[in-house]
Each structure stands twice: as structure tokens, then as C-alpha cells.
There are 2 protein chains.
Amino acid sequence: MKNTVYKNTDKILLAVDCIIFGFDGKDLKALLVKRAIEPEIGKWSLMGGFVKENESVDAAATRVLSLQTGLSEIYMEQLYCFGDVERDTAGRVVSIVYFALIKIDDYSKDLMKEHHAKWFSLDMLPTVVFDHRKMIDLSILRLQEKVVSHPIGFELLPAKFTLQQLQALYEAVYNTTFDNRNFTKKILSLGLLVKLNEKDKGSSKKGSFLYEFNHDQYRQLNKEGLRFL
Amino acid sequence: MKNTVYKNTDKILLAVDCIIFGFDGKDLKALLVKRAIEPEIGKWSLMGGFVKENESVDAAATRVLSLQTGLSEIYMEQLYCFGDVERDTAGRVVSIVYFALIKIDDYSKDLMKEHHAKWFSLDMLPTVVFDHRKMIDLSILRLQEKVVSHPIGFELLPAKFTLQQLQALYEAVYNTTFDNRNFTKKILSLGLLVKLNEKDKGSSKKGSFLYEFNHDQYRQLNKEGLRFL
DNA sequence: ACAAAAGTGTTCACTGTACACCCATGT
DNA sequence: ACATGGGTGTACAGTGAACACTTTTGT
């Protein structure tokens, strides 16, 4: 263990909490778990864990996410540090909140049972422990800002998707509706989508064309930002 | 001291570092101090301090800021948590970075000497300790994003200011130039400015009118966001 | 009278938005 | 044949961007 020269300073418990968003084709959802430790055991909660002495905060978030979801390579971003003295009723714990986006089908039913996890629509969230509600509210705001300026919405969709699915996602994020002609025009003009020679026949007799991303353009727009809306 | 039920978990030193921006009428500047403790004592650094067990992280940032500047009621915002294991060469310290905006004339020369502080133009920053350079770079980005969507630029100007000063500030933030007719038109259309019956004769024979904010409109736009640029 | 900065309008291109009908297919 | 969702084009208004001359006043 590395020694420190800083004396007479307080050490504090540091946690990470992760909010995971998914999209089921209709609603935006957040993945919550039943808290496994006291206090407030059994109540709905974001998934979290403590940061270890020899572990970066980012690594702690990655660890918690992969432990709970079984997934690596998750899109993840630091959201905010919640540092009120009384935020955790059982002790002084400062929490760094991360938000993550996953394709909802990637999350296995087995893990769901194992961790007592459940997807909740954002407008039907249960009561959650501590200040987790504030964390969720902030992350929804951040998701909206982010979607305007970066094509991260795609992190939530399967590799092949229809324009209808994409539009439904944007409508769910903004909780509004868009004119489908304008939406199509706008999104295609970004040069981000590649039209495939395949149709998804799941939702209509005619079937609708599937698209995938132009990954180069995706990275480009993610780096330099875009303006949708 | 509140007891904790969390056992076998590592406690970590938590610091806050503050980056303070100011504007001298021409350049955007950051306030740096000579680090007062080992290691790296005497090197340029953001001003910082440790979070105490019974103090919220926000309160720690406020404490550091008022201690160093003598000012209360500073515009301040949490920026990011830097949590790499090796970021501080002398021990494991996780740092929460805040950025603050002050009117450069509010910062007294006396405190400047007392803390060995100095304003640096953003394009002439000295080498700073640890990962403080990353903190500064990130905060500049955040400042730019913020200025587009909120009228925070005004935090940096004196109570009465000319359109020329305001434009110079925006030009400094974006490191570009604007057409003065378009700038004036846009900024006046926001209903944010109140034209005074006073002129500032400091910079020309003709003198230019002073403005102040419409504080109600200011609060309104700060809450709901705006789009400049 | 002249130098130096302040102040002010118009035109044009583009982008966002509103709006409705035909197409393809399975039953 | 018909019902269902998929796919497409045009017209208008509002906004952003380019552009130059007149005004004021101290010296």
C-alpha cells in the first residue's frame, strides 16, 4: 500500500452507483436492484459498490457494472458526485454516480433473478433508497442533453434496427412525438445510417427496412458533436 | 461522529480542487496558486483542500473558495471527479473538481500576495501539478458548453458593462470573432439587457452605453436554458 | 478637420416545421 | 379487396450569416 504524506485529514467511504438505461422498443427503462445490504435492505436501489483503495473510481464503476450485468464494453459515463453528509443514513458515504446504456436484450434473465433486478419504465419508478431518486432525475436530464449532441441513442438499440424503432427511442427520451417525414429526413441527412437489404417483418405486412450505423461516421459525430433538435 | 455499519471497506482521502475563471476585458484567465504543502510544494496548482468527515463536498468547495478569495456568493458548479489511483504522487486522493466564475476586480491584490496566487491567460498557463492540467482543459470545455446554453458569461463581468466588453468576453471564450451587428442583434433580442443612461468613456471619445442585466430574465434563461450560437 | 470607436439595417441562404397521400403486403 | 403500417415531397417562415456606412466627440 502506498504511503501518504497527508496527515490529520479525514478519510471517507467512497461509493459508486450506476444507473443503467435500456429501451424496449416502446419505453425507456432503468434497471434497479433490491439492495442486498443493511440499512434499507430489500428496498429498490441503483446498483452500487465501494471504491477500493487500489482501484480507480472508473474501474470501480466498471467492476460494479460488469458484476451486475455480465457485460463488458458498456457505454458508461461519469455523471456527478453526490456528497452530502447525511445522504446515506448509515454513515458518511460519498457517491460517484455513473450512467450506462445497454441493449436491453443483452441483459440476461438469469442475472436478473440472481440480483433481484428489474427494469422500470421511467414514469413508473418505485421509491428508491437514500438520494437515488435525485440521481435518477439528474441522469435523465443528462441523457436528454447527451442525445441532442451525440448519437448515443444508438447504444440502446440492437445492431440492426428500423427507422421506426429509432424514432420511438427519440420520442421516449424527449417524451414527445416527431413528424415521421421530418425525422427521417433529418436522421438520414447525418450520413450515420446504412440501409440494409433486409426487412423487419415483425410489425407490419409490408415490412420495414433495417439499418445499421456507419461506424466511422458514428465515431466522428460522437467526437465533434452534432445537433439533433 | 456518526457510526457506520459498513465494514471491511476502504476509506479514501477526498479532496476538492477549484478552478476559478476571470475576465480582464481582453483575455479569459484562470487563478492558480503556488502549492503550499508537500509534495510538489511551490509548484503552480489549482486551489484545493481536503473534504472533512462532517462536511459535504459542496461545502468543502465553498470553504476553499471563500478562504482563498475572500468572496462568498461565488458562482460555482461541480465539474468532475478525478479518481485515478496514481493521480496524486503522494497517496491515494480522489479529487472532486469545481469551477467558479468571479469578477476579476473582486479579487483583492492582498489575497493574491497572501496565497501566492496569480491570474494566467488560458493560452499561457504554466505547468501545473498532478493531473491539474486535465482538470483545466475539461473545465474550459465545460465553460464553452455552458456559455452556449446559459447566460453565465455575465458572472464574469462587472455590474455595468458595455456591449463591446460582452462581445469581447464571448470572443475570448470561443476563441473567435463575431460580427458586431449580428452579436448586438442577437444579445439584445434575448431581453436580457437593460440599457442605462450612462456611458463608459474609457475606451473612446464618443463613449459607449453601459448595460446591466434584467435579473428576472437572467434567472429565467438560466433555468430554462437558451441557445446562443 | 480628423482620428477613433460606437452604433445601426438589409439581403440571402438555409434549416426547421407543418402537412397528406400512395405503396406493399398478408390475410 | 381490404386493412395495416411503411415510405415519401413541398411550401413557408424564421434564423443565422454576410456585409459598410454614418455618428459622435476629443484633440
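Residue numbers begin at 1 in each chain, while the letters A, B, ... track the order of the sequences. Not measured: the values here are computed from a predicted model.
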Measure CZ/B:F209 against C1'/D:dT23 and give the value in whole Å, please. 12 Å
Hey, which sits more toward the 5' end of DNA chain C by its nearest nucleotide, A:N180 or A:S204? A:N180
Is the shortest heavy-atom distance from the side chain of B:Y80 to the side chain of A:Q78 under 4.5 Å? yes
When rounded to whole Å, the CZ to C1' distance for the pair B:R227 and D:dT15 reads 12 Å
Report the distance from atom CD1 of A:I187 to atom P of D:dT8, rounded to the nearest whole Å. 15 Å
By the 4.0 Å heavy-atom rule, please label A:T162 as base, sugar-phosphate, or nothing. nothing
Let's test your reading of the model: under 3.5 Å, does the base of D:dT23 pair with the side chain of B:K206 as donor and acceptor? yes
Before you tell me yes or no, could you show the steps for A:F23 and A:Y170 under ring pair (Phe, Tyr, Trp, His ring centres under 6.0 Å), namely the whole-Å CA-CA distance, both residues' side-chain angles and the distance that decides it to 0.1 Å? CA-CA 10 Å; A:F23 179 64; A:Y170 273 78; 9.8 Å; no
For atom CG of A:D179 and atom P of D:dG7, their distance in whole Å: 15 Å
Within the structure shown, what part of the strands sits under 4.0 Å from B:K185 by heavy-atom distance: base, sugar-phosphate, or nothing? base
In this structure, how many angstroms lie between the P atom of D:dG6 and the CG atom of A:L196, rounded? 17 Å
Does any non-hydrogen side-chain atom of B:I20 lie less than 4.5 Å from one of B:L65? yes
Would you mind reading off the distance between B:Y174 atom OH and D:dG16 atom P, rounded to a whole angstrom? 13 Å
Phosphate-side-chain proximity, A:Q164 and D:dG6, N/O vs OP1/OP2 below 4.0 Å: yes
Its 5'-most and 3'-most nucleotides having an atom under 4.0 Å from a non-hydrogen atom of chain A, DNA chain C is contacted over C:dG16 to C:dG26
DNA chain D nearest-nucleotide lookup for A:G207 and A:N182: closer to the 5′ end is A:G207
May I ask you to decide if the ring planes of A:F213 and A:Y218 are parallel, tilted or perpendicular, using 30° and 60° as cut-offs? tilted
Could you verify whether a donor N or O on one side chain and an acceptor N or O on the other, from A:T162 and A:D200, lie under 3.5 Å apart? no
Do A:D17 and A:F99 have side-chain heavy atoms sitting under 4.5 Å apart? no
Check: A:E77/A:Y75 side-chain N/O donor and acceptor closer than 3.5 Å: yes
With a cut-off of less than 4.0 Å, is there a side-chain N or O of B:K201 near OP1 or OP2 of D:dT24? no
Can you tell me the distance, in whole Å, between the CD atom of A:Q167 and the P atom of D:dT8? 14 Å
D:dG7 C1' sits how many Å from A:K186 NZ, rounded? 20 Å
